[in-house]
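To start, the structure itself, in structure tokens.
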Amino acid sequence: MMRVLGIDPGIRSTGWGVIAFENNRMRHLGNGAIRPHPALADTQRLRLIHDGLTAVITQYQPDRAAIEQIFVAKSAASALRLGMARGVGLVACGQAGLGVSEIAARAVKKAVSGTGTADKRQVQNMVKRLLAVVPDNADSADALAIAIAAVNEAGHALPGALDSTSGGLAAAIAAALARDDAGNGGAK
């Protein structure tokens, strides 16, 4: 069994999600968001993010982690603050001895929904379907999607294949979708 921690970094809210992948099946282990009070100084907010991620790592004992790559932010100040939160996530993983995959947002969308142009709602709906769970919030849904993409990057799927014969993540996706469709009486 492989346990993967996904991290969606942000100084206002850092989402986290942990999944297990075993025998071509994904299973939700936990998710949430670390939300420091906005009135706190950045140093305090970053410490709370670090402490929160360290607690998640201690509780769930992931084998590896994945974090979203930096994208072009609205402003230099936003990019800097995002980079600080991302760095804190990397440090927390490094202190725990975890290998970390850095995954582009487009690759996350493609791994979860089959297209790199999926919108946030499509990704969140696929996370719900794939893991049979309603994430705590949008940031934790994104973190779970990052964890799913990390399973794909780790070589547990054939690129672009979403049928049950392909093995790995593709088989897990097909099984989750079949389970979901059966629970809805086959309605789409």
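Positions are given from 1 along the sequence. What you see below is based on every heavy atom in this structure, not just the backbone, and it leaves out hydrogens, waters and symmetry mates.
When every heavy atom of Leu130 is checked against every heavy atom of Met26, the shortest pair comes out as CB-CE, 4.0 Å. Here the closest heavy-atom approach between residue Gly17 and residue Ala143 is recorded as N-CB, 3.5 Å. Across every non-hydrogen atom of Ala147 and Leu5, the tightest pair is CB-C, 4.4 Å. Considering every non-hydrogen atom in both Val18 and Val56, the closest pair reads CG2-CG1, 4.1 Å. Residues Ala92 and Leu53 approach most closely at CB-CB, 4.1 Å, considering heavy atoms. Scanning all heavy atoms of the two residues, the minimum distance from Gly30 to Tyr60 falls at CA-OH, 3.7 Å.
Panel note: side chain Asp63, backbone Arg3; a donor-acceptor pair is recorded below 3.5 Å. Distance alone, capped at 3.5 Å, is enough to place a donor-acceptor pair between the Ser140 side chain and the Asn137 backbone. Remark: side-chain polar atoms of Arg86 are not paired, donor with acceptor, to backbone N or O of Ile67 under 3.5 angstrom. One N or O on the side chain of Asp119 and one on the backbone of Arg121 form a donor-acceptor pair closer than 3.5 Å.
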Please determine whether side chain to side chain contact (heavy atoms under 4.5 Å, CB included) holds for the pair Leu40 and His37, giving the CA-CA distance in whole Å, both sets of side-chain angles, and the decisive distance to 0.1 Å.
CA-CA 6 Å; Leu40 294 174; His37 193 279; 4.1 Å; yes
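A 4.5 Å side-chain heavy-atom check between Asp139 and Arg35 finds at least one atom pair inside the cut-off. No side-chain heavy atom of Val112 sits less than 4.5 Å from a side-chain heavy atom of Gln122. In this structure, Gln124 and Val127 have side chains that are not in contact, with every pair of non-hydrogen atoms separated by 4.5 Å or more. Proximity of Ile19 to Val151: side-chain heavy atoms (C-beta onward) are separated by under 4.5 Å at one or more points. Residues Asp142 and Pro135 have side chains not in contact (no heavy-atom distance under 4.5 Å, counting atoms from C-beta outward). Inter-residue side-chain proximity for Ile146 and Val4 is flagged as unmet; no heavy-atom pair is nearer than 4.5 Å. At least one side-chain heavy atom of Met84 sits less than 4.5 Å from a side-chain heavy atom of Asp42. In this structure, Met2 and Arg64 have side chains that are in contact, with non-hydrogen atoms separated by less than 4.5 Å.
With 3.5 Å as the limit, one finds no donor-acceptor pair spanning the side chains of Asp51 and Thr54. Counting only N and O atoms by type, the side chains of His50 and Gln95 include a donor and acceptor under 3.5 Å apart.
In the hydrophobic cluster analysis, where Ile, Leu, Val, Met, Phe, Trp and Tyr join through side-chain heavy atoms closer than 4.5 angstrom, Ile148 is grouped together with Val133. Both Ile49 and Ile7 are assigned to one and the same hydrophobic cluster, defined by single-linkage of ILVMFWY side chains at heavy-atom distances under 4.5 Å. Linking Ile, Leu, Val, Met, Phe, Trp and Tyr residues whenever their side-chain heavy atoms come within less than 4.5 Å leaves Trp16 and Val91 in two separate clusters.
Note: Arg81 CZ to Ser75 OG = 9.5 Å, rounded to the nearest 0.5 Å. Between Leu131 atom CG and Arg129 atom CZ the span is 12.5 Å, to the nearest 0.5 Å. Between the CG atom in Leu29 and the CG atom in Leu144 there is a gap of 9.5 Å [rounded to 0.5 Å].
Applying the side-chain contact (heavy atoms from CB on, under 4.5 Å) test to Thr117 and every residue at least two apart in sequence or in another chain returns Arg106, Thr115. Shown here are the side-chain contact (heavy atoms from CB on, under 4.5 Å) partners of Ala96, two or more places apart in sequence or in another chain: Ile57, Leu98. Contacts of Gln59 classified as side-chain contact (heavy atoms from CB on, under 4.5 Å), with partners at least two apart in sequence or in another chain: none.
For the pairing with Arg45, the side-chain contact (heavy atoms from CB on, under 4.5 Å) check across Val88, Ile11, Ile34 returns one residue only, Ile11.
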